[in-house]
Asker: 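What follows is a single structure, and I will ask about it in a moment.
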Amino acid sequence: MMLPWRRIRRFRKAKTRTLLPALALAVAATAATPTAALATDTASEAVSGGWNNYSCKPSAQHPRPVVLVHGTFGNSVDNWLGFAPYLVQRGYCVFSLDYGQLPLVPLFHGLGPIDRSAKQLSAYVDRVLAATGAAKVDMVGHSQGGMMPRYYLKFLGGAPKVNALVGIAPTNHGTTLSGLTKLLDYFPGVGDIIAKGAPGLMDQVVGSDFLRRLNEGGDTVPGVRYTVISTKYDEVATPYRAQFLSGPNVKNVVIQDLCATDISEHVTIGLTDGLAFHEAVNALDPEHATPTTCASDD
């Protein structure tokens, strides 16, 4: 007969083995871009789509290049197959980077420590500025990509190089992943396993050391305009109001306040939602902004 304590130990081990992939799959199923397997040559695909073209020079109408920052499990192409061409068609110079790569994990990025990812972003911004001759960039990021640049702005000297940061469904104050992260409290040690294997995930959990440091002393830095575009149907960056920022030069937008029939959730608001795209362009060019309505989905 198995002793009770042995049953408990075996139960905990079994749960530990299943919880890690369950959490990872839950994030991947909702945050990964569906077309990731098609991105065999991300650089050439991006250039052929009109972005990541380092010969592009910003125009007088759009004097700043736009740097796109993908989300967790995304990459520089798949996350932006909708929005990058949308910007290019409107005359912007558009660039996107890969960051947070893990060894032997192709295509699915944004998994490394977020402070290191911010250093990759810093180097990339310098590359874009050097290529375009611009004094500053604008940034648009999805999910982690809307939050991670704030570390660059706050701790890595990025603020003088950035005019505006637009976060689409950003994890600014962390996520409960629709309550799944609460399971970590019942299985001590699992969080450590995830943090070792994919630290970018645990950095985004509500209450993480990374987020405490990022948000300590205020959400924003002077000189940068911030826009957050959220959906109340978000199932990944939850609760959705935790995405909002506080401070000067901040605009928080819930897409359903602009169009009540918009049903975009965490993935689609960044990949295909024309209303979110329209509102993001309003944030990039506020002097020529037009109202975002249900008819703005073009």
Side-chain angles (χ1 to χ4, degrees), residues 15-16 18-32 69-74 99-100 109-118 141-155 165-221 226-247 250 252-255 264-267 269-270:
K15 285 296 183 181
T16 298
T18 58
L19 181 58
L20 174 58
L23 285 171
L25 287 172
V27 178
T30 52
V69 190
H70 66 73
T72 309
F73 289 101
Y99 71 87
H109 303 320
L111 298 172
I114 296 181
D115 56 350
R116 294 184 188 175
S117 295
H142 179 219
S143 192
Q144 180 188 161
M147 172 271 289
M148 178 270 279
R150 294 177 48 228
Y151 189 95
Y152 163 63
L153 298 176
K154 193 170 186 177
F155 298 112
L165 171 61
V166 181
I168 302 176
T171 52
N172 279 321
H173 294 95
T175 178
T176 66
L177 200 59
S178 294
L180 281 175
T181 60
K182 295 179 181 179
L183 295 174
L184 296 171
D185 296 335
Y186 296 97
F187 303 100
V190 173
D192 293 337
I193 295 172
I194 299 174
K196 184 176 180 180
L201 297 180
M202 291 304 295
D203 281 348
Q204 294 178 83
V205 173
V206 168
S208 72
D209 290 341
F210 173 83
L211 287 169
R212 280 197 294 267
R213 184 184 180 204
L214 175 64
N215 294 312
E216 186 177 13
D219 293 346
T220 63
V221 297
Y226 297 83
T227 301
V228 174
I229 303 172
S230 302
T231 171
K232 67 179 182 180
Y233 299 118
D234 201 311
E235 77 285 31
V236 175
T238 58
Y240 75 90
R241 291 189 179 276
Q243 301 171 19
F244 295 169
L245 296 173
S246 298
V250 169
N252 295 308
V253 179
V254 179
I255 204 72
S264 292
E265 42 68 67
H266 186 79
V267 175
I269 194 174

Asker: Can you find a heavy atom in the side chain of T175 that is under 4.5 Å from one in the side chain of V205?
Answerer: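 No, side chains not in contact.
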Asker: How about D115 and R213: do any of their side-chain heavy atoms sit closer than 4.5 Å?
Answerer: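 Heavy-atom side-chain distance check fails, nothing below 4.5 Å.
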Asker: Decide yes or no for S230 and N252: does some side-chain heavy atom of the first lie under 4.5 Å from some side-chain heavy atom of the second?
Answerer: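 S230 vs N252: side chains apart.
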Asker: Does any part of the side chain of L211, heavy atoms only, come nearer than 4.5 Å to the side chain of V206, both counted from C-beta?
Answerer: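 No, every pair of side-chain atoms sits at 4.5 Å or beyond.
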Asker: Where is the tightest heavy-atom contact between Y233 and S264, given as atom of each residue plus distance?
Answerer: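 The answer is CB-O, 3.5 Å.
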Asker: Measuring from atom CG of L153 to atom OH of Y226, what distance do you get when rounded to the nearest 0.5 angstrom?
Answerer: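 Here the rounded value is 5.0 Å.
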Asker: At their closest point, which heavy atom of P199 faces which heavy atom of G112, and how far apart are they?
Answerer: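 Looking at all heavy atoms of both residues, the shortest contact is CG-C, 3.9 Å.
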Asker: Which atoms form the tightest heavy-atom contact between P170 and A237, and what is the distance?
Answerer: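 Closest approach of P170 to A237, heavy atoms only: O-CB, 4.2 Å.
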Asker: Identify the heavy atoms of S117 and G100 that sit nearest to each other, and give their distance.
Answerer: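 Smallest interatomic distance, heavy atoms only, reads OG-CA, 3.4 Å.
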Asker: How far apart are the closest heavy atoms of Q243 and D234, and which atoms are they?
Answerer: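 Distance-wise, the nearest heavy atoms are NE2-OD2, 3.1 Å.
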Asker: Using the six-membered ring wherever Trp is involved, compare the ring planes of H109 and H70 and label them parallel, tilted or perpendicular (cut-offs 30° and 60°).
Answerer: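 The arrangement is tilted - the two ring planes meet at 30° to 60°.
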Asker: Does any part of the side chain of E265, heavy atoms only, come nearer than 4.5 Å to the side chain of V236, both counted from C-beta?
Answerer: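 They are not in side-chain contact.
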Asker: Should V250 and D219 count as side-chain neighbours, where that means a heavy-atom distance under 4.5 Å?
Answerer: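 Sidechains of D219 and V250: no contact.
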Asker: Would you say the side chains of S178 and E235 form a donor-acceptor pair under 3.5 Å?
Answerer: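 There is no such pair between these side chains.
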Asker: What's the separation between atom OG1 in T227 and atom CG in L165, rounded to the nearest 0.5 Å?
Answerer: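 So the gap between those two atoms works out to 8.0 Å.
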Asker: So, taking the atom named CG in L201 and the one named OG in S208, what distance separates them when rounded to the nearest 0.5 Å?
Answerer: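 Here the interatomic distance stands at 11.5 Å.
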Asker: Which residues pass the ring-ring contact (aromatic ring centres under 6.0 Å, His included) test with Y151, sequence neighbours left out?
Answerer: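 Residues passing ring-ring contact (aromatic ring centres under 6.0 Å, His included) with Y151: F155, F210.
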Asker: To the nearest 0.5 Å, what is the distance between CD1 on I168 and CD1 on I269?
Answerer: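 So the gap between those two atoms works out to 7.0 Å.
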Asker: Less than 4.5 Å apart, side chain to side chain, heavy atoms only: is that true for F244 and V254?
Answerer: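 Counting from C-beta outward, F244 and V254 do come under 4.5 Å.
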Asker: Is any side-chain heavy atom of Q144 closer than 4.5 Å to a side-chain heavy atom of D203?
Answerer: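 Side chain of Q144 against side chain of D203, heavy atoms only: no contact under 4.5 Å found.
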Asker: How far does CG of L214 sit from NE2 of H173, to the nearest 0.5 angstrom?
Answerer: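 L214 atom CG to H173 atom NE2 measures 8.0 Å (nearest 0.5 Å).
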Asker: For the CD1 atom of I114 and the CD atom of Q204, what is their distance to the nearest 0.5 Å?
Answerer: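 Here the rounded value is 4.5 Å.
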Asker: Answer with yes or no after comparing the ring centroid distance for H266 and Y240 against a 6.0 Å cut-off, counting only values under it.
Answerer: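 No, they do not, as the ring centres are separated by 6.0 Å or more.
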